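Both backbone and side-chain heavy atoms feed into the values below; hydrogens, waters and symmetry mates do not. Computed from a prediction, not measured in an experiment: that's the story for all the values here.
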Amino acid sequence: MRTCEVIEDDVRCERKHYGKGMCQKHYYRWKRHGDALIIKRVREHRHDEKWCPQCEDWLPKDQFVKEQRALDGLRPQCKACQRKDRYGITREQWDLMLIQQGYSCAICGCDEPVGGWFVDHDHACCPGSNKSCGQCVRALLCSKCNFGIGQFDDDPDRLLAAAMYLIKHTTNTEVASE
């Protein structure tokens, strides 16, 4: 007996085949909504892969951000598609930025950031939006540097004042140890 070839949320539908490789439910949904319904056909893929509807490809699960509310614990879009949607840069542009930065944070130079890489962009360029136009992307930062400049509202004067404060109030450990 043939079964439905549709996969939803990485689970194959096990209902009886009706037409065009789908069960009756999926066939009528496809007929009603047409191309609006993304149908993922079964293909040989490993257990550690997930379908990205925007890439229209199976990718390793480590390419997806965790999300507790999702059935499989992962967001539907891969990280690259989320970056493209939010920051206006492609996977190739991301990779090129990382190479140009020597695989390190543009501020502190760490090469293994805790929490991954963050796209830094000028928030003044696209006010009131949770997205970037892509033209205001500055660099890739570690989480500490990205959150740090964010807490200072990208204000260079406040950051310099904070640096001067730390310099003024830092105890000289070399003198104290002698």
Checking side chain to side chain contact (heavy atoms under 4.5 Å, CB included) for the pair L159/I149: CA distance, chi angles, key distance, verdict? CA-CA 7 Å; L159 282 164; I149 64 171; 3.9 Å; yes
Given the rule in the side chain to side chain contact (heavy atoms under 4.5 Å, CB included) test, do Q82 and V65 qualify, once you have shown the distances and angles that lead to the verdict? CA-CA 9 Å; Q82 288 177 9; V65 175; 3.7 Å; yes
Would F147 and L141 satisfy side chain to side chain contact (heavy atoms under 4.5 Å, CB included), going step by step from the backbone distance to the final call? CA-CA 9 Å; F147 296 149; L141 304 178; over 6 Å; no
Show, in sequence, the C-alpha distance, side-chain angles and deciding distance for Q93 and T90, and conclude whether the side chain to side chain contact (heavy atoms under 4.5 Å, CB included) test is met. CA-CA 5 Å; Q93 290 169 315; T90 65; 3.4 Å; yes
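Other residues, nucleotides and ligands contribute only 12 or fewer heavy atoms inside 6.0 Å of the CD atom of Q151.
Between the side chain of R138 and the main chain of H121, a donor-acceptor pair closer than 3.5 Å is present. A donor-acceptor contact shorter than 3.5 Å links the side chain of S143 to the backbone of V114. Between the side chain of E49 and the main chain of K61, no donor-acceptor pair closer than 3.5 Å is present. The main-chain N or O of D157 is found under 3.5 Å from a side-chain atom of D155 such that the two form a donor-acceptor pair. Listed for the Q63 side chain is no donor-acceptor partner under 3.5 Å among the backbone atoms of K79.
Transitive grouping of hydrophobic side chains (ILVMFWY, heavy atoms separated by less than 4.5 Å) brings V119 and L98 into a common cluster. Under the 4.5 Å side-chain contact rule for hydrophobic residues, W117 and I99 share a cluster. In the hydrophobic clustering of ILVMFWY residues, with side-chain heavy atoms under 4.5 Å counting as a link, Y87 and M97 come out together. V137 and F118 fall into different hydrophobic clusters, where Ile, Leu, Val, Met, Phe, Trp and Tyr are joined by side-chain heavy atoms under 4.5 Å apart, directly or via other members.
Distance check, rounded to the nearest 0.5 Å: CG of D120 to CD1 of I107 gives 6.5 Å. Here the NZ-SG distance, from K144 to C108, works out to 8.5 Å after rounding to the nearest 0.5 Å. To the nearest 0.5 angstrom, R83 atom CZ is 11.5 Å from Q77 atom CD.
Taking each heavy atom of A106 and Q101 in turn, the nearest pair found is N-NE2, 3.6 Å. Contact between C105 and C142 at its shortest, heavy atoms only, is SG-N, 3.4 Å.
For the pair R75/F64, no side-chain contact is recorded, criterion being any heavy-atom separation below 4.5 Å from C-beta on. A heavy-atom distance below 4.5 Å is found between the side chains of C78 and R91. R15 has its side chain out of reach of Q24: every pair of non-hydrogen atoms, C-beta onward, lies at least 4.5 Å apart. In this structure, the side chains of L59 and K50 stay at 4.5 Å or more apart for every pair of heavy atoms.
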